[in-house]
Protein chains: 4
Amino acid sequence: MASQVVVLDPQKRERRRQILDAAKHVFADSGYHGASIHAIIDRADIARGTFYLYFESKSAVFSSILDEAMESLRRLMHRIDVDDPNAAPPQVQLRQQIVGALEFVVQDRALAMLLLSAGHTPDAEAAERLDQFFGEVRDLLRRAFESGQEIKLLRKVQPELLAAAFLGMIRGVVEHIITHPQPPTVESVVDEILFVALRGVLA
Amino acid sequence: MASQVVVLDPQKRERRRQILDAAKHVFADSGYHGASIHAIIDRADIARGTFYLYFESKSAVFSSILDEAMESLRRLMHRIDVDDPNAAPPQVQLRQQIVGALEFVVQDRALAMLLLSAGHTPDAEAAERLDQFFGEVRDLLRRAFESGQEIKLLRKVQPELLAAAFLGMIRGVVEHIITHPQPPTVESVVDEILFVALRGVLA
Amino acid sequence: MASQVVVLDPQKRERRRQILDAAKHVFADSGYHGASIHAIIDRADIARGTFYLYFESKSAVFSSILDEAMESLRRLMHRIDVDDPNAAPPQVQLRQQIVGALEFVVQDRALAMLLLSAGHTPDAEAAERLDQFFGEVRDLLRRAFESGQEIKLLRKVQPELLAAAFLGMIRGVVEHIITHPQPPTVESVVDEILFVALRGVLA
Amino acid sequence: MASQVVVLDPQKRERRRQILDAAKHVFADSGYHGASIHAIIDRADIARGTFYLYFESKSAVFSSILDEAMESLRRLMHRIDVDDPNAAPPQVQLRQQIVGALEFVVQDRALAMLLLSAGHTPDAEAAERLDQFFGEVRDLLRRAFESGQEIKLLRKVQPELLAAAFLGMIRGVVEHIITHPQPPTVESVVDEILFVALRGVLA
DNA sequence: CATGAATGAGTCTTCATTCAT
DNA sequence: CATGAATGAAGACTCATTCAT
């Protein structure tokens, strides 16, 4: 059976998970550079050498974490069905997807912090991988704007610019939710933001 | 006009500038942690010790850069005058200020990249200073929303959430402008974004 | 006999020894501050990082050296048995102990020099540890004087002052033995000093 | 007029004093190595370059401090007059000299601490100078013992060993006086120590 | 004479990665 | 497979000394 993912026997899979989880939390706590292999293997409760048995470098784990996240996100973002009369109205579908994606990110606090906090790192490989991640998300958004425009749901906009702006907005919102002492529900946040995005702030 | 800053003789001022500029570029290129004192002094073409003559630590230069940027931004962001009949209409004033601020950031490419790329660093002092910087900008935005609401220019919104969202949006836009191969003019970008922000994307 | 010290497998023990020995010599040669990690690892023929695998800092090795020395000294200094009719007479016991302790210090030339040469260092931790070491020795001496006084072996003296004086005397004597081109035997030195201490220099 | 000391005009003399005093205190506080030129010029309230106008290096000031101290000590230690029937009895003269010397050292607290705390330093020049200082004192003591022996005041001793032992004792006593919370008078200390030295501790 | 800005060798310490067991 | 001891490059920072003004 063809598979993009290298098939590992369950034991190794399990170890890999263990390391990925540990790394995710450490990256979240300390940022990419601040995360030490020491902290990761400590949390994963494995030996130093074992780490390098599963990942060839620090940036490799980082990459894998982003890979997994991207895949999950992609699974959540289907095409919005406009033609099927049985489907929910587009705006409802849109809202559902955004809520879903945001909830995915926000509920995995470690992932969210990792994504927010990992800035440019001196490690070129990691930096590139992160750029790529956000690039993909931005593409997702851009295509969404383009479709919306085509089907006349949205007015004429510059999709690329808007994608960049909205990606930033999402990051800002996620940060708001995560760092807030009494985090609002994702639903309430999406309602407010979506309203603003769709209709603007003008009275 | 009296200055808050300790007055240095022109020579020292000049050196300080030289170091600040070099540091800004290095931070922009490599992020806070990735920036080495070595790289900074290399770029500034000074000796190791000279650096510590002007700044007591790496995080101190970083701080100073943010201080200067914040001060400049604040100078650009006046209160919007609504009552004076001789003043430009509020929306025009708003647009001017945003254009001004954005232009300030974008035209200092190094500063822009520094602000975008500096993520969580293991250096607590630097991290805090950066948080503070964005916190101040967010406050500026929040107060703007609150005023707008009070004078009934804007509809009822959650100022804090919107401030976070718009700060993120601004970061996204700045990144877009900076990284774009053919960067659009700030004016055109502001027009598009402002329109969206005020009236939404709906057709 | 159970050991207070964490038990290490022989390999690590050996390495630790190797580093301690190297450090002792370097400290002896250059004093605490003058001793560089570089010199220590050079002498121990290990890599920089290896040093920090066994000791968490320069002051930690220093501390360990003093710990070991103190423990050895303490093992050499038993209470003097006055009552047991089978034991050697007190003066003989005293002489034996002093000879033993002095021989221990003198024969480990590096240790002796380290103890003599380490003055006030800017490193607070190391300085404190050294003070503590000599403080303990002084206490040993003070208690010895107090006991001697109680059992009427010694005449009325100020134990604290005398302890300080004799500790200094011992340092002086050790220095004499160590730096002398033809070092006298410890026994001969102890005989002379002990005689003076007990009966004075007057004809 | 011949003079060992280079004659300086009063202004320079004064400046020199100022620096020597400052340096003495700083050396006393932090030991030789821990003393920074910065601390010295700060305390002397002079500019960096000025320091090097008066002393060619850090070790040079250190040397000068010891020179001055040695000269003062020598002035205090005359030959003990045994023959002159009008002179005080030898033991009284001895006591006076010791009290005088000790008082000189103890009352100049900074000097005392400097002498006690300056251990082997990595600075070869300074280390040598310090050894020389104590060597001279030891010689003074040795000659005293030799004379005492010649005139049959003292019994047969090993002058060199005893000089080393007594020098150490003196250091111990000075340390005791200086570090004691309620320092005893020098006179009382000398009485006790001298008694012990002359007659021993035996009951 | 006095100044203090500039220098750069040298310090301790960290940490990603390798490899023999 | 797993281990963890060993490595050494690289990092931030200090400080005695020089020298142009």
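Please read these numbers as outputs of a predicted model, since none were measured by experiment. For the numbers below, each heavy atom of this structure counts, side chains included, while hydrogens, waters and symmetry mates do not. Naming convention: chains lettered A, B, ... in sequence-line order (proteins, then strands); numbering from 1 in each chain.
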Inset, instruction - Using the heavy-atom set of chain B and a strict 4.0 Å cut-off, write down the first and last nucleotide of DNA chain E that makes it in, 5' to 3'. - result: E:dA5 to E:dG10

Legend entry - Sidechain-backbone polar pair: B:Lys24 side chain, B:Arg109 backbone, donor-acceptor under 3.5 Å: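 Checking the backbone N and O of B:Arg109 against the side chain of B:Lys24, no donor-acceptor pair under 3.5 Å is found.
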
Inset, instruction - Report yes or no: does B:Tyr32 contribute a side-chain atom to a donor-acceptor pair with the main-chain N or O of B:Leu114 at less than 3.5 Å? - result: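 Side chain of B:Tyr32 to backbone of B:Leu114: no pair is present.
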
Inset, instruction - Identify whether the distance between the nearest side-chain nitrogen and carboxylate oxygen of C:Asp67 and C:Arg129 falls below 4.0 Å. - result: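 Between C:Arg129 and C:Asp67 there is a salt bridge, with a charged N closer than 4.0 Å to a carboxylate O.
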
Inset, instruction - Answer yes when C:Arg17 and C:Glu68 have at least one side-chain N-carboxylate O distance shorter than 4.0 Å, and no when they do not. - result: yes

Inset, instruction - Identify, between C:Arg15 and B:Ile37, the residue whose nearest nucleotide on DNA chain F lies closer to the 5' end. - result: C:Arg15

Spacing of [X] atom [atom1] relative to [N] atom [atom2], expressed in whole Å:
X: B:Lys58; N: F:dT14; atom1: NZ; atom2: P; result: 14 Å
X: B:Phe51; N: F:dC15; atom1: CZ; atom2: P; result: 17 Å
X: A:Tyr52; N: F:dT7; atom1: OH; atom2: P; result: 17 Å
X: D:His33; N: F:dC15; atom1: NE2; atom2: C1'; result: 9 Å
X: B:Arg48; N: F:dG11; atom1: CZ; atom2: P; result: 9 Å
X: B:Asp42; N: F:dG11; atom1: CG; atom2: C1'; result: 14 Å
X: C:Leu53; N: F:dG8; atom1: CG; atom2: P; result: 14 Å

Legend entry - Nearest-nucleotide comparison on DNA chain E, the residue closer to the 5′ end among C:Ser57 and D:Asp45: D:Asp45

Legend entry - Nearest-nucleotide 5' precedence on DNA chain E, D:Thr50 against A:Gly49: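 On the 5' side of the pair lies D:Thr50.
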
Inset, instruction - Name the nucleic acid region contacted by A:Ala35, choosing base, sugar-phosphate or nothing; use a 4.0 angstrom heavy-atom cut-off, strictly under. - result: sugar-phosphate

Legend entry - Pairing partner (Watson-Crick or G-U wobble, both distances under 3.5 angstrom) of E:dC1: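 Paired with E:dC1, as far as the under-3.5 Å criterion goes, is no nucleotide at all.
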
Inset, instruction - Searching all strands shown, indicate the nucleotide that pairs with E:dT17 (Watson-Crick or G-U wobble; both distances under 3.5 Å). - result: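 E:dT17 is paired, partner F:dA6.
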
Legend entry - A:Thr50 and A:Arg15, any side-chain heavy atoms less than 4.5 Å apart: yes

Legend entry - Validation row: D:Lys58, D:Ser36 side chains within 4.5 angstrom (heavy atoms): no

Inset, instruction - Determine whether more than 12 heavy atoms belonging to other residues, nucleotides or ligands lie under 6.0 Å from atom CD of D:Glu136. - result: yes

